[in-house]
Amino acid sequence: MKLAFFDDYRLGVITGDEIVDISDALSDISPHTPQELIQMVIEDFDNLRPIIVDAAENGTPIAIDNVNLKAPLPQPRQLVCLAGNYIEPDSPSRLDFNAFLKSPTSVISTKETVELTEADVTVFHFEPELAIVIGKTAKHLTEENALDCVFGYTQFIDVSARGLPGGFFLGKSWHTFAPMGPVLVTADEVADPNALDVQLWINDRLQHDFSTNSMARFVPELLAEVTNVITLEPGDVVSTGTHHEALTAVGDGDTVRLAIEGFGPELFVDVHDPLKRTTWRGE
């Protein structure tokens with residue numbers, strides 16, 4: 001199943017190039033925010049699934065082109081990102097486990113704009129990533145049971161400002177630096193999260209084209225590593241890192257598109273730099 005928020009955070013199910021509004025079928029749920037709504041759906045999905053399926057099958061389809069898709073997890077309680085989690089030509093051996101917390105308030109939706117910070121940055125990179133959405137409380141997972149706690153997956157771009165002091169906080173957590181979605185794909189539709197093609201275009205030029213099978217730590221192992229340190233709750237997001245080989249400078253006026261195999265609509269963002277910097281492009 002492919003879930004997505006649209007317009008004024010109505011919840012829908014996507015099939016092909018159409019979406020069906022299922023919000024009325026969930027009227028017994030009384031969330032205060034869209035994030036609370038998706039968390040409640042995730043937590044009680046076994047019971048809600050028949051209701052959602054019925055609503056999706058009997059509702060009126062709307063063309064996706066006629067709605068505004070939103071981030072599927074508008075403000076997760078925790079947004080955990082892996083660092084250095086791919087085997088690459090410049091890093092043929094896997095590195096020590098490393099991860100960081102990125103501000104949940106930096107999440108934006110597809111077709112929104114990433115606003116580059118005016119800080120003295122060396123270069124901005126947009127890192128295409130597969131993100132995991134947690135379905136059950138997870139603490140001290142093992143590789144054997146880790147996937148049992150996965151609700152689904154979504155597309156994610158980890159926007160990064162290089163050359164700043166302060167490590168990952170100043171490099172990663174600026175406003176708008178976490179484009180996400182637009183679709184939340186339930187785990188049953190992803191046969192193997194480590195067998196997915198990931199592509200990212202900058203101004204319609206294919207820049208990244210890699211497979212999640214080149215992760216240094218596959219999804220079960222990285223979840224075991226993360227939950228050895230922190231407890232994850234339903235609706236939390238763990239992004240799995242990127243293949244750094246094709247990273248290139250991104251700046252004002254660029255458009256960036258991310259597509260992960262089988263995930264439906266692309267994640268698309270514009271880029272705005274109030275300072276119109278071009279030095280990292282050699283201009």
Side-chain angles (χ1 to χ4, degrees), residues 1-15 19-57 59 69-81 101-102 104-105 107-110 129-141 145-156 178-191 193 219-220 222-224 226-227 230-240 260 262-265 267:
M1 186 180 297
K2 294 181 172 69
L3 299 168
F5 280 121
F6 68 99
D7 292 347
D8 58 346
Y9 285 96
R10 308 285 292 179
L11 188 61
V13 173
I14 288 180
T15 303
I19 187 167
V20 175
D21 189 345
I22 62 166
S23 300
D24 289 345
L26 302 175
S27 59
D28 289 343
I29 299 177
S30 300
H32 293 94
T33 65
Q35 179 65 34
E36 283 189 11
L37 172 58
I38 195 63
Q39 286 179 199
M40 294 167 108
V41 169
I42 289 170
E43 290 171 346
D44 198 26
F45 192 67
D46 288 345
N47 293 320
L48 293 175
R49 183 167 191 143
I51 298 171
I52 293 172
V53 169
D54 181 71
E57 290 177 348
L69 295 171
K70 303 293 187 179
L73 290 306
Q75 192 171 328
R77 190 179 69 93
Q78 293 189 105
L79 175 52
V80 184
C81 298
L101 293 171
K102 188 175 178 103
T105 62
V107 172
I108 62 170
S109 306
T110 191
E129 305 192 8
L130 169 70
I132 305 160
V133 179
I134 300 302
K136 300 176 183 177
T137 300
K139 182 178 182 180
H140 295 301
L141 293 177
N145 67 12
L147 291 181
D148 295 338
C149 291
V150 174
F151 177 79
Y153 304 88
T154 191
Q155 300 173 139
F156 183 75
M180 182 188 294
V183 178
L184 170 50
V185 183
T186 54
D188 59 298
E189 292 208 7
V190 181
V219 169
L222 69 85
L223 285 177
V226 170
T227 61
I230 62 173
T231 300
L232 298 172
E233 301 287 353
D236 286 352
V237 176
V238 178
S239 200
T240 57
I260 295 180
F263 278 35
L267 175 57

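The model shown is predicted, which means the values in this text are computed figures rather than measured ones.
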The criterion is side chain to side chain contact (heavy atoms under 4.5 Å, CB included); which residues satisfy it with [X], sequence neighbours excluded?
| X | value |
| --- | --- |
| E233 | R77, T137, T231, D236 |
| D148 | N145 |
| K70 | F5, Y9, S109 |
| I51 | A25, L48 |

Taking all non-hydrogen atoms of both residues into account, name the closest pair between [X] and [Y] and its distance.
| X | Y | value |
| --- | --- | --- |
| G59 | V20 | CA-CG1, 3.6 Å |
| I22 | A55 | CG2-CB, 3.9 Å |
| P179 | L267 | O-CD2, 3.6 Å |
| E129 | S239 | OE1-OG, 2.6 Å |
| N47 | P50 | O-CD, 3.3 Å |
| P234 | G135 | CG-O, 3.6 Å |

For residues [X] and [Y], determine if any side-chain heavy atom of one lies less than 4.5 Å from a side-chain heavy atom of the other.
| X | Y | result |
| --- | --- | --- |
| D21 | F6 | yes |
| V150 | L223 | yes |
| L232 | C149 | no |
| Q35 | P76 | yes |
| Q75 | T33 | no |
| L73 | V107 | no |
| P182 | Q155 | yes |

Spatial distance of atom [atom1] ([X]) from atom [atom2] ([Y]) [nearest 0.5 Å]:
| X | Y | atom1 | atom2 | answer |
| --- | --- | --- | --- | --- |
| Y153 | T186 | OH | OG1 | 10.5 Å |
| T227 | K139 | OG1 | NZ | 10.0 Å |
| L26 | M40 | CG | CE | 10.5 Å |

Determine the sole option in T154, L130, V183, V185 for which the side chain to side chain contact (heavy atoms under 4.5 Å, CB included) test with I260 is passed. L130
Using the rule side chain to side chain contact (heavy atoms under 4.5 Å, CB included), only one of D24, I52, V41 pairs with L11; which is it? V41
Could you walk me through whether L3 and V13 pass the side-chain contact (heavy atoms from CB on, under 4.5 Å) test, one step at a time? CA-CA 5 Å; L3 299 168; V13 173; 3.8 Å; yes
Please evaluate residues I134 and I42 with respect to the criterion side-chain contact (heavy atoms from CB on, under 4.5 Å), reporting the C-alpha separation (whole Å), side-chain torsions for both, the decisive distance (0.1 Å), and the verdict. CA-CA 8 Å; I134 300 302; I42 289 170; over 6 Å; no
Test: ring-ring contact (aromatic ring centres under 6.0 Å, His included). Region: residues 27-56. Which pairs qualify, not counting sequence neighbours? F45-F151
Test I29 against D44 for side-chain contact (heavy atoms from CB on, under 4.5 Å), laying out the working first. CA-CA 11 Å; I29 299 177; D44 198 26; over 6 Å; no
For D188, which residues count as a salt bridge (Lys or Arg N to Asp or Glu O under 4.0 Å) partner, sequence neighbours excluded? R49
Set out, in order, the CA-CA distance, both residues' side-chain angles and the distance that settles side-chain contact (heavy atoms from CB on, under 4.5 Å) for V80 and V237, then state yes or no. CA-CA 6 Å; V80 184; V237 176; over 6 Å; no
